[in-house]
Asks: 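Pasting a structure below so you can have a look.
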Amino acid sequence: SSENVLLQSPQGLKYNQPSVLGPDGKVGPLAPWLAPIVSEGSFDPTLIDAIYKQQNITVATTIFALGKYTVFLKDFLESAEQHFFVGFRVHYYVFTDHPEQVPDVNLGEEHELTVMTVNSSSRWQDMSLGRMKRLEMLIESGLVNDADYLFSLDVDTKFYGRWGAETLGDLIGVIHAWYYYTPREQFPYERRPESQAFIPYSEGDYYYGGAVLGGSVKCVYQLAKACREQLDIDAAKSIEAAWQEESHLNKYFLYNKPSKLLSPEYSWDDKKSKPDQIKIIRYSHIPKNYADVRPN
Ligand code: 5GW
Ligand code: MN
C-alpha cells in the first residue's frame, strides 16, 4: 500500500528553523516539508478510524521493561487499553528480564501481548541503549511480519487520551514537550563532532522526544538499524551522546524527515503544566524516583 520512501534532506542545507506554532498560536499544521503535525482539531477521529478500519491493519508496539522498570507496566498497559488504538488489532511486545513480573492485564478483543524475555544485564547502558538493537533484531526475526505499523514507546508513561489511526504513517516522530518553543541552537542535540549524533548549531528542525518512534515496519527497521550502527560507532570510541538514543534519533530525523509529526500532546510530561496552546494531553511521562528504578 505505501511506498516507504524516505524524505531525505542533505546535511548542511541551510534554511530557517520551522515553528511548531502557526501564526494563530496553535500547533501546526505542517512542517516545511509538508508533513502534517497531528494535533487536536487537525483530524476527525471518526473519519480517520473508518478509513484505516477498512485496511484491517495490525499495530505492533514494543515496550521495554528491564530491571526495575517492570513497575510501570501495569499503568502503561491498563491506560493503553483505554486509549491506544481501541478497536484496532494491537500486538504488544514486552521486552523484559523479569517475565514473572509482567502483570496480567485484561486485553481488549484482538489485542495480544507477547513477552520477550531477555538476559539481565548489570550494565545500565545495555538497558537504556539497547532498544534500537532489539528493535532491529525483532523485525529481522520476522515476528512482526504480520504487522503494518510499529511503535516503540517508553514504559514510564501513561495514556490519558485517544491515540489512534491519526498517528499512522511511514515515519513518525513526536515533538518533545519541553522544547517546542526553543530556538534550535538551544536544543539539547549532541554538539561534539566526535559523536555520530552531532548536529551543528545552524541546523535542526524540531527537538524530537525519544519516548516515541513509529511508522511502517520497513521504515522503523531502517531507522533502528541506522541508529544502532551510529550507537555502535560511538560506543567503539567510548562516546555516549548527550541524550543517548534520543540524540541519535534526532540526528536521524534531521536528515530522514518524518512523514508525519505528532504534537507534544503525544508525549507530554506530568511535571509540566498544560499551556493554552496544547488542547489535550494524550500520553505523558509519569514522575519517577530515579533512585528507585535506575540500576545503582
Ligand atoms: C534508563 C536509564 C538509566 C538506566 C536504566 C534505564 C532503563 C530504561 C532501565 O533500567 N530499564 C528500562 O526498561 N529502560 C527502558 O528505556 C524503559 O522502557 C524506559 O522507559 C526507556 C527509556 O529510559 P527512561 O524512561 O528512564 O528515560 P527518560 O529520558 O524518560 O528518563
Ligand atoms: Mn521515559
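All values reported here derive from a predicted model rather than from experimental measurement. The figures here come from the full heavy-atom set of this structure, side chains too, leaving out hydrogens, waters and symmetry mates. Counting convention: from 1, in listed order, for ligands and their atoms alike.
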Asks: A65 heavy atoms, cut-off 4.0 Å: which ligand 1 atoms fall inside?
Replies: 13 (O)
Asks: Do the numbers put K274 on top of the ring of W268, so that NZ or CZ is under 6.0 Å from the six-membered ring centre and no more than 45° off the axis?
Replies: no
Asks: Need the ligand 1 atom indices (1-based, order shown) with element for anything under 4.0 Å from a heavy-atom of Y290.
Replies: 31 (O)
Asks: Do the charged groups of K288 and D154 touch, with an N to O distance under 4.0 Å?
Replies: no
Asks: Does the distance from a Lys or Arg side-chain N to an Asp or Glu carboxylate O, for D234 and R192, drop under 4.0 Å?
Replies: no
Asks: Which atom, among the N/O/S set of D154, is closest to the Mn ion (ligand 2)?
Replies: OD2
Asks: Please state the angle at the Mn ion (ligand 2) spanned by NE2 of H285 and OD1 of D156: what is it, rounded to 10 degrees?
Replies: 90°
Asks: Does any N/O atom on V155 come nearer than 3.5 Å to any N/O atom on ligand 1?
Replies: yes
Asks: Near D156, which atoms of ligand 1 are under 4.0 Å from a heavy atom of that residue?
Replies: 20 (O), 25 (O), 30 (O)
Asks: Which residue pairs pass the ring pair (Phe, Tyr, Trp, His ring centres under 6.0 Å) test with at least one member in residues 211-255, sequence neighbours excluded?
Replies: Y208-F253
Asks: Give the single entry among H285, E245, R131, K68 that approaches atom 30 (O) of ligand 1 most closely by any heavy atom.
Replies: H285
Asks: When you compare ligand 1 with L66, is there at least one nitrogen or oxygen pair between them that comes in under 3.5 angstrom?
Replies: yes
Asks: Please report the closest heavy-atom contact between A65 and T96, naming both atoms and the distance.
Replies: O-OG1, 2.7 Å
Asks: Give the atom numbers and elements of ligand 1 that come within less than 4.0 Å of a heavy atom of K288.
Replies: 25 (O), 26 (O), 28 (P), 30 (O), 31 (O)
Asks: Relative to atom 15 (C) of ligand 1, which among F76, F72, F64 owns the nearest non-hydrogen atom?
Replies: F64
Asks: Pick one: which of W163, Y180, F84 meets ring pair (Phe, Tyr, Trp, His ring centres under 6.0 Å) with Y266?
Replies: W163
Asks: Step through the shown structure and confirm whether more than 12 heavy atoms of other residues, nucleotides or ligands are within 6.0 Å of CG on D104.
Replies: no
Asks: Quick check: does G67 get an N/O under 3.5 Å from an N/O on ligand 1?
Replies: no
Asks: So that I can tick it off, tell me whether R89 and D146 are bridged by a salt bridge, with the cut-off set at under 4.0 angstrom between side-chain N and carboxylate O.
Replies: no
